Amino acid sequence: MSTTLGPLADLRVIDMSTVLAGPNCARYLADFGADVIKVERPDGDSLRNMAWRDPRDGEGLWWKLVNRNKRTVVLDAKNDDDRDTLLSLAAEAHVLVDNSRPGILERLGLGPDVLHERNPDLVITRISGFGQTGPYATRPGFATIAEAMSGFAALNGDADGSPLLPPIALTDEVTGLAAAFATLVAVHSGVGQVVDANLLETMFHIMGPLASLFGVTGEQQPRLGSGLPYTVPRGTYRCRDGGWIALSTSSDTVAARVMQVLGVADDERFASFEGRAGNRDELERLMAQWCADRTQVDALDTLTAAQAAVGPVLDMADIATDPHYAQRGAVEILDDTPMQSVIARLSATPGALRWAGRRLDADGDQIRATGW
């Protein structure tokens, strides 16, 4: 556990959000030193009981990760005394993070008009499924729906298969990062305001130029499994011993080196992005057969020596013993629980892990008595 304060040590953040996107936003701020007070309802945040629990203490592993580096307090916003405590905290805070549906804060007597009357400089980060305005604004919004409605699911899966959803909380992770970025932009502006971040538009944003492509040409990117329309070969390939590798040829120079390895460097069909894409089936067949004839180690050694963009397909057991992860300190042990380290390394003012998500109301007595 580190005692480093971090570059955001002077930032006071109230985290009223639940489950993932909002708490992730506050977690990124906390990892770099922000003083984050996590406000929970009396029966605790849902994340404490979601998915896997630590068998040693019964606490949720999601909770320990997402709410690390935060102080915790139980406050019932429907209770007058607790709401007054919240308003007192807000009066001295820089940021408040909430991810209830639009209108909920207002019904609790904690809308932006009330909060800004107490603290005109407060940045109120509101994270929702669909945004604070628009015809879908009041709908319940989970990551699954954003992945379906953003164009993301339509791209995932085999060409003749069904659209696929990611097997991780992708939207919540990405939206947490986007909201943390927007929050710091708002703080930097020096103007109290509302940050409107949402799951749908965050996922839509990472679709790259696909909206432009459709608007200009009417084209839509097809489902290609692990493939991309403009990068061939690209995907995961099974080796002779059952191991898998992943490979990409997203630049002409890397593609040329892979063609050399495959023995087709002189084939004009594969000399350009357009040519490789136009002969996708043949080139993917060659790549798959080349891998199938070799062990994973042999394939990786040969392609790495050729300076191709290649790597093994790792699972969590592989990552736990991988030398690069270890040397980088990408996994840290926090309160006897392994978890990801901070998301980026700052050379002069680094972030740090201080404690895992704490027990319910661990800091409640002190916060209710003395505030910040």
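All heavy atoms count here, side chains included; hydrogens, waters and symmetry mates do not. Remember, it's a predicted structure, so these values are computed and weren't measured experimentally.
Applying the side chain to side chain contact (heavy atoms under 4.5 Å, CB included) rule to D267 yields the partners V264, R269, F270; only residues at least two apart in sequence or on another chain are considered. Residues satisfying the salt bridge (Lys or Arg N to Asp or Glu O under 4.0 Å) test with R48, not counting sequence neighbours, are E40, E59. Shown here are the side chain to side chain contact (heavy atoms under 4.5 Å, CB included) partners of Q260, two or more places apart in sequence or in another chain: A265. Shown here are the side chain to side chain contact (heavy atoms under 4.5 Å, CB included) partners of Q289, two or more places apart in sequence or in another chain: A292, D293. The salt bridge (Lys or Arg N to Asp or Glu O under 4.0 Å) search around E92 returns none, not counting sequence neighbours. With sequence neighbours excluded, the residues forming a side chain to side chain contact (heavy atoms under 4.5 Å, CB included) with S226 are T236, listed by chain and number.
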Taking only distance into account, with no hydrogens and no angle test, what donor-acceptor pairs under 3.5 Å do side-chain atoms of residues 69-77 form with protein atoms, sequence neighbours excluded?
unit_1	atom_1	unit_2	atom_2	d
N69	OD1	R354	N	2.6
N69	OD1	W355	N	3.3
N69	ND2	D31	OD1	2.9
N69	ND2	A352	O	3.0
K70	NZ	D15	OD2	2.8
K70	NZ	P23	O	2.9
K70	NZ	V66	O	3.3
K70	NZ	N67	OD1	2.9
R71	NE	D35	OD1	3.2
R71	NH1	Q366	OE1	2.9
R71	NH2	D35	OD1	3.3
R71	NH2	D35	OD2	2.9
R71	NH2	W372	O	3.4
T72	OG1	R359	O	3.1
T72	OG1	A362	N	3.0
D76	OD1	K78	N	3.0

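Sorted by first and then second residue, the ring-ring contact (aromatic ring centres under 6.0 Å, His included) pairs with a member in residues 224-251 form an empty list; sequence neighbours excluded. The list of side-chain hydrogen bond (donor to acceptor under 3.5 Å, both in side chains) pairs with a residue in residues 173-185, not counting sequence neighbours, reads N24-E173, T125-T183. Sequence neighbours left out, the pairs with a member in residues 90-131 that pass ring-ring contact (aromatic ring centres under 6.0 Å, His included) are F130-Y136. Within the structure, the ring-ring contact (aromatic ring centres under 6.0 Å, His included) test picks out no pair touching residues 178-227 (sequence neighbours left out).
Side-chain contact of T249 with T231: a donor-acceptor pair under 3.5 Å is absent, judged by distance alone.
Summarising the hydrophobic clusters (Ile, Leu, Val, Met, Phe, Trp, Tyr; side-chain heavy atoms under 4.5 Å, direct or chained), the residues clustered with Y325 are L314, M316, I319.
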